Amino acid sequence: TVDADPRRLRFHLMPPTGWMNDPNGLCWYNGNYHVFYQYGPFDPNGGVKFWGHWTSPDLLHWQQQPVFLCPDQTWDIHGVYSGSALVEDDALYLYYTGNVKHPGDYDYINTGRGHNVALAISKDGIHVDKKQLLMENKEYPEGLTCHVRDPKVWKQDGNYYMVLGARTKENRGELLVMESTDKLNWKHINTITTPEV
């Protein structure tokens, strides 16, 4: 019934049901282009976020794959938020934000939220072989709200770099620059800001 709906998109990617948002982890791996995306399968207005997944050999013919990331750990239980992909060592490394909303009377901006950097590793590009927590709010620089998220990772000159979007307690946006030698252990090396307009 859903596929027969004349309002259903035929060229652009569209989830089978529910809600779709940010594209994530766009890459070429194992003979296919991969598009992961924020996916709320149970709520057309968002709800708890998963990562949906499509693959294509040519960017024209797409195959829907099983849901790639599910919020199933204590450090991502309220949603697997946006991130990026790094292809290396015959594996796909997917960095993402694990969202946690602690129960209680919180504003979820300055208190009560965990925005954790997590990593999922896949050898076939379809199934997750391993997930692990890399960083929590307490490991980010001081002066920030709980909103630190959306890791983008790349390799340059033998090291790995990550940028994270951050919100200060003064409601300004910043870009945190992190560095690693092993893709797992990260240190803050710079903060990029712009003058207020």
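Everything quoted here is computed from the prediction, not taken from an experiment. Computation of the quantities below employed the complete heavy-atom set of this structure, encompassing side-chain atoms and omitting hydrogens, waters and symmetry-equivalent molecules.
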Working for side chain to side chain contact (heavy atoms under 4.5 Å, CB included), residues Phe68 and Val80: CA-CA 10 Å; Phe68 188 78; Val80 289; over 6 Å; no

Is the closest side-chain heavy-atom distance between [X] and [Y] below 4.5 Å?
X: Met178; Y: Ile189; value: no
X: Val148; Y: Leu176; value: yes
X: Tyr140; Y: Met135; value: yes
X: Cys146; Y: His115; value: no
X: Asn159; Y: Ser180; value: no
X: Trp186; Y: Val117; value: no
X: Trp19; Y: Pro41; value: no
X: Ile77; Y: Asp72; value: no

Would you kindly confirm whether [X] and [Y] end up in one hydrophobic cluster when ILVMFWY residues are joined by side chain heavy atoms under 4.5 Å apart?
X: Trp51; Y: Trp28; answer: no
X: Val100; Y: Val48; answer: no
X: Tyr81; Y: Tyr106; answer: no
X: Phe36; Y: Tyr39; answer: no
X: Val163; Y: Ile192; answer: yes

Residues forming a side chain to side chain contact (heavy atoms under 4.5 Å, CB included) with Thr168, sequence neighbours excluded: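 Only Leu144, Glu170, Arg172, Glu174 meet the side chain to side chain contact (heavy atoms under 4.5 Å, CB included) criterion with Thr168.
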
Taking all non-hydrogen atoms of both residues, which atom of [X] and which atom of [Y] are closest, and how far apart?
X: Cys70; Y: Val67; result: SG-CG1, 3.9 Å
X: Tyr37; Y: Asn21; result: CB-O, 3.9 Å
X: Gln132; Y: Leu184; result: NE2-CD2, 3.9 Å
X: Tyr108; Y: His102; result: OH-O, 2.7 Å
X: Asp43; Y: Asn45; result: OD1-N, 2.8 Å
X: Gly79; Y: Pro71; result: N-CB, 3.7 Å

Can a donor-acceptor pair be found, under 3.5 Å and without considering hydrogens, that links the side chain of [X] to the backbone of [Y]?
X: Lys49; Y: Gly47; answer: yes
X: Ser84; Y: Val153; answer: yes
X: His147; Y: Arg167; answer: no

Rounded distance [0.5 Å steps], [atom1] in [X] versus [atom2] in [Y]:
X: Met162; Y: Leu175; atom1: CE; atom2: CG; result: 12.0 Å
X: Tyr33; Y: Leu59; atom1: OH; atom2: CG; result: 5.0 Å
X: Glu179; Y: Thr181; atom1: CD; atom2: OG1; result: 8.0 Å

Derivation and outcome, side-chain hydrogen bond (donor to acceptor under 3.5 Å, both in side chains), residues Gln38 and Asp22: CA-CA 5 Å; Gln38 290 280 284; Asp22 305 352; 5.8 Å; no

Check: Phe50 ring centroid to Phe42 ring centroid under 6.0 Å: yes

Qualifying residue, where the test is side chain to side chain contact (heavy atoms under 4.5 Å, CB included) with Lys131 and the options are Leu119, Asp76, Ile121: Asp76

Side-chain H-bond candidate by donor/acceptor type, [X] with [Y], under 3.5 Å:
X: Thr97; Y: Asn99; answer: no
X: Ser82; Y: Asn24; answer: yes
X: Tyr161; Y: Gln156; answer: no

Using a 3.5 Å cut-off and no angle test, enumerate the donor-acceptor pairs between side-chain atoms of residues 86-95 and protein atoms at least two apart in sequence or in another chain.
residue : atom : partner : partner atom : Å
Glu88   : OE1  : Tyr160  : OH           : 2.6
Glu88   : OE1  : Lys183  : NZ           : 2.8
Glu88   : OE2  : Lys155  : NZ           : 3.1
Glu88   : OE2  : Tyr160  : OH           : 3.1
Asp89   : OD2  : Lys183  : NZ           : 3.2
Tyr95   : OH   : Lys183  : O            : 2.9

Criterion side chain to side chain contact (heavy atoms under 4.5 Å, CB included) on Asn116 and Arg149, from CA distance to verdict: CA-CA 7 Å; Asn116 309 305; Arg149 60 179 182 235; over 6 Å; no

Selection residues 53-63 - residue pairs positive for side chain to side chain donor-acceptor pair (under 3.5 Å), sequence neighbours left out: His34-His53, Thr55-Gln65, Ser56-Asp58, Asp58-His61

Short N-O contact, Arg113 and Asp107, less than 4.0 angstrom: no

